Amino acid sequence: MLTKNQIKLIQSLARKKVRDEESLFVAEGIKTIRDILPYFDAQFVVCTEEYVHELKPLTKSEIVVATKQEIEKASLLQASQGAIAVLRKSTKPFDVSELKGKLTVALDTVQDPGNLGTIIRLCDWFGVENVICSRDTADVWNPKVVQATMGAVARVNVHYVDLPQVLSELKNYMPVYGTFLEGKTIYDMELSHEGVVVMGNEGNGISDAVKQCVSHKLFIPNFPLGRTTSESLNVSTATAITLSEFRRR
């Protein structure tokens, strides 16, 4: 049975300030929890009776058996998914030298939690180990972000940095790509096996400060050229197309 204090803690972790102070975050849903539980220390896990046998081998922490109604009361999601885990953050220290020789995604003020979570999931799929974010990008430990990653948050390192400063350093060693309407068509450009791919804010694109660090401007064309179409692509969709093209080469 869930205690009032446990419910209070879960609900308080909807706030970034509390997540930072406690160094905890919440994951929900049996599939997500099953995927990430082996990678994080859990403070406790809550689930209905039917999931105990699945989760018990994955953690040494307390497993609280609760009813669906109790879980719904504690849940941070609109639709409760039968299991909640309170987990301790595990952030790998940032070392810019570890990005050399690899493909990395950089996010410049991406603010929608769903977009951030989807991009992290895409990076997991395409073998991108690190995502570097401007400090005003959405919080990776936001419950909606964790949910959207579908477990990928356990395998992709997400770092919050002074993005212009880090990119200025990196462009001395590798190409820095960015997506722009005035860029060169991605299908015609030579793409490196290493480098940084910068994706910008949902409404404003890549900021002026970060734009100065981009050495190669990419453009994802619509088809056929000249046809009236949507003004732009969703940032997570653009990331999927861009990473797919890099890996195809």
Side-chain angles (χ1 to χ4, degrees), residues 89-112 115-141 145 149 152-221 232-233 235-249:
K89 294 182 188 179
S90 176
T91 305
K92 186 178 179 182
F94 179 66
D95 183 351
V96 69
S97 67
E98 291 189 8
L99 305 184
K100 295 173 185 177
K102 299 177 181 179
L103 186 64
T104 298
V105 167
L107 303 180
D108 183 14
T109 321
V110 171
Q111 296 183 321
D112 181 81
N115 282 334
L116 176 57
T118 300
I119 290 169
I120 293 169
R121 188 177 177 185
L122 286 165
C123 287
D124 188 34
W125 183 262
F126 285 109
V128 175
E129 298 174 1
N130 295 283
V131 177
I132 53 175
C133 304
S134 62
R135 293 198 171 100
D136 50 0
T137 291
D139 180 26
V140 64
W141 306 112
V145 176
T149 71
V153 70
R155 293 176 292 272
V156 177
N157 302 311
V158 180
H159 308 282
Y160 290 84
V161 300
D162 182 328
L163 197 56
Q165 179 182 323
V166 170
L167 292 177
S168 292
E169 181 178 347
L170 285 172
K171 74 176 184 179
N172 294 320
Y173 304 98
M174 62 180 72
V176 177
Y177 300 90
T179 51
F180 297 87
L181 291 175
E182 69 273 18
K184 184 176 179 180
T185 300
I186 190 171
Y187 306 119
D188 296 335
M189 181 174 278
E190 184 177 340
L191 302 176
S192 171
H193 72 281
E194 66 170 349
V196 183
V197 178
V198 182
M199 308 303 296
N201 172 264
E202 290 87 346
N204 301 315
I206 295 173
S207 65
D208 289 340
V210 171
K211 192 181 297 184
Q212 303 305 313
C213 307
V214 173
S215 56
H216 297 71
K217 292 184 176 182
L218 304 174
F219 170 60
I220 301 172
S232 62
L233 288 171
V235 64
S236 56
T237 301
T239 304
I241 294 169
T242 303
L243 290 182
S244 179
E245 190 63 17
F246 268 89
R247 292 312 195 198
R248 187 182 71 82
R249 308 294 177 90

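The structure displayed is predicted, hence computed values, not measured ones.
Between V140 and V131, the closest side-chain pair of non-hydrogen atoms is not below 4.5 Å. At a threshold of 4.5 Å between non-hydrogen side-chain atoms, the residues I132 and L163 count as touching. Looking at heavy atoms from C-beta onward, C133 lies in side-chain contact with V158 at the 4.5 angstrom threshold. Inter-residue side-chain proximity for L103 and H193 is flagged as unmet; no heavy-atom pair is nearer than 4.5 Å. Contact annotation: the side chain of V128 approaches that of R247 to within less than 4.5 Å [non-hydrogen atoms, C-beta and beyond]. A 4.5 Å side-chain heavy-atom check between N157 and F94 finds every atom pair outside the cut-off. Side chains of V176 and V198 form a contact here, defined as non-hydrogen atoms less than 4.5 Å apart. Side-chain contact between T242 and Y177: absent, with no pair of heavy atoms (C-beta onward) separated by less than 4.5 Å.
Note: D124 CG to E129 CD = 10.5 Å, rounded to the nearest 0.5 Å. The CG atom of D162 lies 11.0 Å from the CD atom of E169; values are rounded to the nearest 0.5 Å. One distance of note links CG of L167 with CE of M174; it measures 10.5 Å at 0.5 Å rounding. With values rounded to the nearest 0.5 angstrom, T179 atom OG1 is found 4.5 Å from I206 atom CD1. A distance of 6.5 Å separates CG of L122 from CG of L243, quoted to the nearest 0.5 Å. To the nearest 0.5 Å, atoms CZ (F126) and CD (E245) are separated by 10.5 Å.
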* Do T137 and S134 pass the side chain to side chain donor-acceptor pair (under 3.5 Å) test, and can you show the C-alpha distance, the side-chain angles, and the key distance before you say yes or no? -> CA-CA 5 Å; T137 291; S134 62; 3.0 Å; yes
* **side-chain contact (heavy atoms from CB on, under 4.5 Å) between Y173 and E194, worked out** => CA-CA 10 Å; Y173 304 98; E194 66 170 349; over 6 Å; no
* **side-chain contact (heavy atoms from CB on, under 4.5 Å) between V235 and T118, worked out** => CA-CA 10 Å; V235 64; T118 300; over 6 Å; no
* To do: Quick one: do L170 and V96 satisfy side-chain contact (heavy atoms from CB on, under 4.5 Å)? Show the steps, please.
  => CA-CA 8 Å; L170 285 172; V96 69; 3.5 Å; yes
* Asked: side chain to side chain donor-acceptor pair (under 3.5 Å) between N115 and E202: does it pass, once the steps are laid out?
  -> CA-CA 9 Å; N115 282 334; E202 290 87 346; 3.1 Å; yes
* Decide side chain to side chain donor-acceptor pair (under 3.5 Å) for D136 and T109; before the verdict, give the C-alpha distance in whole Å, the side-chain angles of both, and the deciding distance to 0.1 Å. => CA-CA 5 Å; D136 50 0; T109 321; 3.2 Å; yes
* To do: List the steps and the verdict of side-chain contact (heavy atoms from CB on, under 4.5 Å) for L218 and F246.
  => CA-CA 12 Å; L218 304 174; F246 268 89; 4.1 Å; yes
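Contact record, L116 with A138: CD2-O, 3.2 Å, taken as the closest heavy-atom pair. Nearest approach of Q212 to K171, heavy atoms of both residues: O-NZ, 3.3 Å. Taking both residues in full, the closest heavy atoms of T237 and L233 are given as CG2-CD2, 4.4 Å, listed atom of the first, atom of the second, then distance. Shown here for C123 and V105, the closest heavy-atom pair between the two residues is SG-CG2, 3.7 Å.
S168 contributes a side-chain N or O that, together with a main-chain N or O of P164, makes up a donor-acceptor pair within less than 3.5 Å.
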